[in-house]
Visitor: 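Shown below is the structure under consideration.
Worth knowing before you read on, the calculation uses all heavy atoms, side chains too, and leaves out hydrogens, waters and symmetry mates.
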Amino acid sequence: FPSHDMSQGGKALDVGCGSGKFLNLLKFLGWEVKGIEMSTTAAETAKSKFGIQVFSGELAACPFEKESFDFINISHVIEHLRNPVEDMKVIAGLLKPTGVMYVETPNILGAVNADGLQYWFPTDSPRHLFLFSPKVLREVLTSVGLAVDNILFSHVEFAEWEYLYKLEEAEGKLDLNLRGAIHKLRHAVRMRKLRNRLLYFFNKSRGNTIQCWIRPAARPE
């Protein structure tokens, strides 16, 4: 958490909490934690392994009290939501007026998608339903009553996987030898990584991941 002190404790919610490992870490640090998870299997793991209360179902039906959380984490989840505006409105309503929210999602304007979105790893169709630019993400968050406190970018890429997709398509088969394919594409991958590192070095907004720290917008008196 580069911009905020997370050692103060409070009530935390992880939307898309998976098996609860992140919530268990917060629990260890003194937080009172709850989760939301669409996968019933993962939700049951969080409950049985870590003793964490996890709601599994549609966001609109979640039983948690409004304005009850000091911190809400939404990491690589918003791109999976069928209706991100309406769903984020529900999530925003769970945050205390003094609370903080963290949202992380792929950056559709990132340097690493320059070779074509159809091969870009975070496209992940059909699981990723929406991809965001920083501007569009800010607009979505603002529209549901949130204010973006800080936007950061990170640079992690999967060039080998993306070039492998291209090679599989070109050769018409899905059972390529990974080591042989990577060796064949080593030069292209190396040059692409160098280019992307330079793009990111000179313009951080070309990172392929957006990281947002958010607070509730000030309400008119």
Side-chain angles (χ1 to χ4, degrees), residues 1-6 8-27 29 31-40 42-43 45-47 50 52-108 122 124 127-152 209-220:
F1 303 102
S3 300
H4 295 270
D5 180 9
M6 298 299 296
Q8 300 302 312
K11 295 183 67 176
L13 173 69
D14 190 8
V15 180
C17 66
S19 60
K21 290 182 179 179
F22 176 66
L23 285 176
N24 189 53
L25 173 61
L26 290 182
K27 185 178 177 182
L29 295 174
W31 289 75
E32 180 184 342
V33 300
K34 291 181 172 62
I36 295 175
E37 173 55 50
M38 292 302 296
S39 167
T40 54
T45 298
K47 294 175 187 177
F50 301 119
I52 295 170
Q53 181 185 351
V54 178
F55 168 74
S56 184
E58 295 296 326
L59 279 168
C62 76
F64 303 135
E65 185 180 348
K66 290 185 177 181
E67 297 187 354
S68 60
F69 291 98
D70 300 284
F71 172 63
I72 298 178
N73 181 62
I74 314 173
S75 183
H76 291 275
V77 170
I78 191 172
E79 64 270 18
H80 294 272
L81 300 178
R82 288 195 295 270
N83 192 329
V85 174
E86 291 303 313
D87 288 338
M88 287 303 299
K89 188 180 296 183
V90 172
I91 297 168
L94 300 174
L95 189 64
K96 288 182 179 181
T98 56
V100 174
M101 183 184 296
Y102 176 76
V103 173
E104 182 171 315
T105 191
N107 177 15
I108 199 170
D124 200 18
R127 297 191 305 165
H128 286 182
L129 305 179
F130 295 92
L131 292 172
F132 300 86
S133 68
K135 179 177 182 292
V136 171
L137 182 60
R138 186 187 290 270
E139 289 174 351
V140 169
L141 297 172
T142 300
S143 73
V144 300
L146 297 169
V148 176
D149 187 27
N150 195 11
I151 290 185
L152 303 171
T209 301
I210 309 171
Q211 302 165 316
C212 285
W213 287 99
I214 304 148
R215 300 180 187 274
R219 298 172 182 173

Visitor: Side chains of residues 84-99: which donor-acceptor partners sit under 3.5 Å, not counting sequence neighbours?
Guide:
unit_1, atom_1, unit_2, atom_2, d
K96, NZ, D70, OD1, 3.2
K96, NZ, D70, OD2, 3.4

Visitor: Is M38 close to E58 at the side-chain level, that is, under 4.5 Å between some pair of heavy atoms?
Guide: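 Answer yes - side chains close enough.
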
Visitor: To the nearest 0.5 Å, what is the distance between CG (D149) and OH (Y102)?
Guide: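 Nearest 0.5 Å value for the CG-OH distance: 13.0 Å.
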
Visitor: Taking atom CG of L137 and atom SG of C212, what is their separation to the nearest 0.5 Å?
Guide: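 One finds 4.5 Å between CG of L137 and SG of C212.
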
Visitor: Holding to side chain to side chain contact (heavy atoms under 4.5 Å, CB included), I want the full list of residues that pass it with S75, two or more places apart in sequence or in another chain.
Guide: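 Result, side chain to side chain contact (heavy atoms under 4.5 Å, CB included) vs S75: N73, E104.
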
Visitor: Using side chain to side chain contact (heavy atoms under 4.5 Å, CB included) as the criterion, list what pairs up with K21, not counting sequence neighbours.
Guide: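 So K21 forms a side chain to side chain contact (heavy atoms under 4.5 Å, CB included) with S19, F50.
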
Visitor: Which pair of non-hydrogen atoms, one from P134 and one from N107, has the smallest distance, and what is that distance?
Guide: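 It is CD-OD1, 3.3 Å.
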
Visitor: Rounded at 0.5 Å granularity, tell me how far CD1 in I78 sits from NE2 in H80.
Guide: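 Taking CD1 in I78 and NE2 in H80, the distance rounds to 11.0 Å.
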
Visitor: Does a donor on one side chain sit under 3.5 Å from an acceptor on the other, for T105 and E79?
Guide: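 There is such a pair (donor and acceptor under 3.5 Å, judged by atom type) between the side chains of T105 and E79.
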
Visitor: Could you tell me whether the side chain of F132 reaches within less than 4.5 Å of the side chain of I108, counting heavy atoms only?
Guide: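 Not touching, per the 4.5 Å side-chain cut-off.
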
Visitor: Looking only at heavy atoms, what is the nearest atom pair of A46 and G18, with distance?
Guide: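 Smallest interatomic distance, heavy atoms only, reads CB-O, 4.2 Å.
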
Visitor: With sequence neighbours left out, which residue pairs that include part of residues 131-147 fulfil the salt bridge (Lys or Arg N to Asp or Glu O under 4.0 Å) condition?
Guide: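 Checked against salt bridge (Lys or Arg N to Asp or Glu O under 4.0 Å) - neighbours excluded - the pairs reaching residues 131-147 are K135-E139.
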
Visitor: Determine the minimum heavy-atom distance between P106 and I210, stating which atoms define it.
Guide: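 Minimum heavy-atom contact is O-CD1, 4.0 Å.
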
Visitor: Going through the checks in order, is the side chain to side chain contact (heavy atoms under 4.5 Å, CB included) test met by K47 and I52?
Guide: CA-CA 5 Å; K47 294 175 187 177; I52 295 170; over 6 Å; no

Visitor: Heavy-atom distance under 4.5 Å between the side chains of F69 and K34, does that happen here?
Guide: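 They are in side-chain contact.
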
Visitor: Just jot down the side-chain hydrogen bond (donor to acceptor under 3.5 Å, both in side chains) partners of Q53, sequence neighbours excluded, or say none.
Guide: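 Not a single residue meets the side-chain hydrogen bond (donor to acceptor under 3.5 Å, both in side chains) criterion with Q53.
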
Visitor: Show, in sequence, the C-alpha distance, side-chain angles and deciding distance for V15 and L13, and conclude whether the side chain to side chain contact (heavy atoms under 4.5 Å, CB included) test is met.
Guide: CA-CA 6 Å; V15 180; L13 173 69; 4.0 Å; yes

Visitor: Evaluate the side chain to side chain contact (heavy atoms under 4.5 Å, CB included) criterion for residues I214 and V103: first the C-alpha distance (whole Å), next the side-chain angles of each, then the deciding distance (0.1 Å), finally the verdict.
Guide: CA-CA 8 Å; I214 304 148; V103 173; 3.5 Å; yes

Visitor: Please identify which of these residues, I72, V77, I74, L59, meets the side chain to side chain contact (heavy atoms under 4.5 Å, CB included) condition with I36.
Guide: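 Among I72, V77, I74, L59, the one meeting side chain to side chain contact (heavy atoms under 4.5 Å, CB included) with I36 is L59.
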
Visitor: Has the side chain of E37 got a donor or acceptor atom that lies under 3.5 Å from a matching backbone atom of S39?
Guide: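 Looks like yes, one N/O pair under 3.5 Å.
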
Visitor: Applying side chain to side chain contact (heavy atoms under 4.5 Å, CB included), name anything that partners A12, two or more places apart in sequence or on another chain.
Guide: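 Applying side chain to side chain contact (heavy atoms under 4.5 Å, CB included) to A12 gives L26, W31, V33, F71.
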
Visitor: Is there side-chain contact between V100 and R215, with at least one heavy-atom pair below 4.5 Å?
Guide: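 Yes, side chains in contact.
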
Visitor: Would you call E65 and K11 a salt bridge, using N to O less than 4.0 angstrom?
Guide: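 Salt bridge between E65 and K11, a charged N being under 4.0 Å from a carboxylate O: no.
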
Visitor: Report yes if the side chains of L129 and R82 come closer than 4.5 Å at any heavy-atom pair, otherwise no.
Guide: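 Of all side-chain heavy-atom pairs linking R82 with L129, at least one is under 4.5 Å.
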
